Q: 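Sending over a structure as structure tokens; questions will come in a sec.
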Amino acid sequence: MNGAVPGEPVKTDKNSRRGNWGNQIEFILTSVGYAVGLGNVWRFPYLCYRNGGGAFMFPYFIMLVFCGIPLFFLELSFGQFASQGCLGVWRISPMFKGVGYGMMVVSTYIGIYYNVVICIAFYYFFSSMTNLLPWTYCNNPWNTPTCNGVVTPRGINNTLANVTRSLVTGAAEVAVEVVNKTKRTSPSEEYWKHYVLQISDDIGNFGEVRLPILGCLAVSWVVVFLCLIRGVKSSGKVVYFTATFPYVVLTILFIRGITLEGAVTGIKYYLTPQWHKILDAKVWGDAASQIFYSLGCAWGGLITMASYNKFHNNCYRDSIIISITNCATSVYAGFVIFSILGFMAHHLNVDVSEVADHGPGLAFVAYPEALTLLPISPLWSLLFFFMLILLGLGTQFCLLETLVTAIVDEIGTDWIVRNKTVVTGGVAIVGFLLGVPLTTQAGIYWLLLMDNYAASFSLVIISCIMCICIMYVYGHKKYFKDVEMMLGFPPPIFFRVCWRFVSPIIISFILIFTVIQYKPITYNDYVYPGWSLAIGFLMAMSSVICIPIYALYKIAKSEGTTFLERLKNSCKPDMKWGPALSEHRIGLYATPGSEGEVEVRPLKEELREKEKEDEKRDEISLTIQGSNGSTEHNTTPSA
């Protein structure tokens, strides 16, 4: 190893029991794939347009600097120092292990519905393998009389097209018109609702399972399992493609988009600053929330991915690279989305705001409709949905690995470590089965309910408690020394201030903002019934409730005669807290009691070195016989 001192045993810095990333690029690409997800494409551009265009960038990057990057660095350093997943790291203060269980619950919810979104992208990807996209015209059995497409043959108006749908089959030169803006339903919207989802009229009316969607869900879970079959060893190789190719597709779509008529208008809508909106608290709240959720803070994934780093890896550098890459991708995706939407608005002769959308509405309705206007539209559709699949898989890999790593680290037996693949398969099967209800005709209602409640304010609470635990319960001075021992330098003063004061304040602001801005969820014109909202709140609370329940359990189990003694003992770091490898357990951590976390090989090497030193000392102390038979002790190597 470079930099090794001659005569000292070489430190491999590898954890042979848990495994490590093959190299640092694998970790960075995996983390980029985890942070850069569907939200970067279908949420950020819309938020930016709605909150003042270019003016939104100012609060967005302020929140990135003061909240996003510091929290990202905190979680990476936390996982890397202990080489443990989201449960094992809480040896730092065992009473707070409920935070780790909360992270597992959140990752479970997200993993269930996120893979359903990926499977729908798979469905659209397979549907695009045709000469004519099935959502191009209004001449299909699932279309209604109110359907008005943006693509019609020359010289035929939409009214005539509705009467003579059976004749409208060829692809001629297009002429576009809008008949009734308020009542218009597009072919892509009807394809989405009436064919793909066959959506029911109520969240309680499940109807039947949509077998094509179920099949795609199975494909999606199989792909995720195969990519994680050897843990980070296999996923680390897959991300070379899954984390980089979306940028190739984004660039292709960007070049195609900006060459279209009306693209400039769309980009102006996206970027034109409305400076007066900076004074609106909602804009700042949206900026903070987007940064927080986009980076994947408090999901447990960052801690898990960092736990497979080598101990002395520079996670400070990595946190800055990954955070900036994530936010730059969001901005770049905005150009791709709004150039195409501007083109469609130009053809429809309407304002860009008429066609702008977010979430599934953008990914599966607005953007696919815009693609029908392009020559060779199936090609662009294939590229777009392939990009969505890869963006989703990058996040899904980490969600599944978070759960698997937590289970394996917690049980910790040799059998389960050797058979980690079995655990991965088991978690994937359970995830598939729990996702089946989301493939029914009411599935989209449940998917949006989980998206809005399962990982909303609960993430903010988890992150805030994590900051308080590390900085104030464990102690900021001790943690700064831990980071310095790991990186070779203390955290910069900016990060120390942010960890202790700024980031917790911003997180609290996000929580207050989320509560104040709360509105019951709706889907288009459908208003969710009260009982479904109650289920949503229960999902949100199920992750948070883990924290006080486990804390009370730990206090009850701790030693002590009074409550305060038990509380104090339950907050003390566990004896196993600290670096996983014996060669890194120095200073405060050079104590017995961590044998479960110590590898035997380095200890044997140290004993061997000690024996060699004893032998040298014996040689140095050789006795020299004098002529009178007396014994002299020579204290130098020369006789």
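Start at 1 with the first residue, then count along the sequence. Just so it is clear, the model here is predicted, and its values are computed rather than measured.
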Q: Are F509 and W284 near enough that their ring centres are under 6.0 Å apart?
A: no
Q: When you compare the side chains of Y60 and D286, does any donor N or O come within less than 3.5 Å of an acceptor on the partner?
A: no
Q: Verify whether one side chain among Y109 and S543 offers a donor that lies under 3.5 Å from an acceptor in the other.
A: no
Q: Give the minimum heavy-atom separation between P134 and W142, together with the two atoms involved.
A: O-CZ2, 3.5 Å
Q: Backbone N or O of D202 within a donor-acceptor pair of the N205 side chain at under 3.5 Å?
A: no
Q: Answer with yes or no after comparing the ring centroid distance for F384 and F386 against a 6.0 Å cut-off, counting only values under it.
A: no
Q: Using only the SG atoms, establish whether C67 and C498 come within less than 2.5 Å of one another.
A: no
Q: For the rings on Y332 and F254, is their centre-to-centre separation under 6.0 Å?
A: yes
Q: Does the separation of the ring centres of F73 and F494 fall below 6.0 angstrom?
A: no
Q: Between the side chains of T372 and Y137, is a donor N or O closer than 3.5 angstrom to an acceptor N or O?
A: no
Q: Flag the pair F364 / Y123 as yes when their ring centroid distance falls below 6.0 Å, and as no otherwise.
A: no
Q: Evaluate the ring planes of Y191 and Y195, with Trp represented by its six-membered ring, and classify them as parallel (under 30°), tilted (30 to 60°) or perpendicular (over 60°).
A: parallel
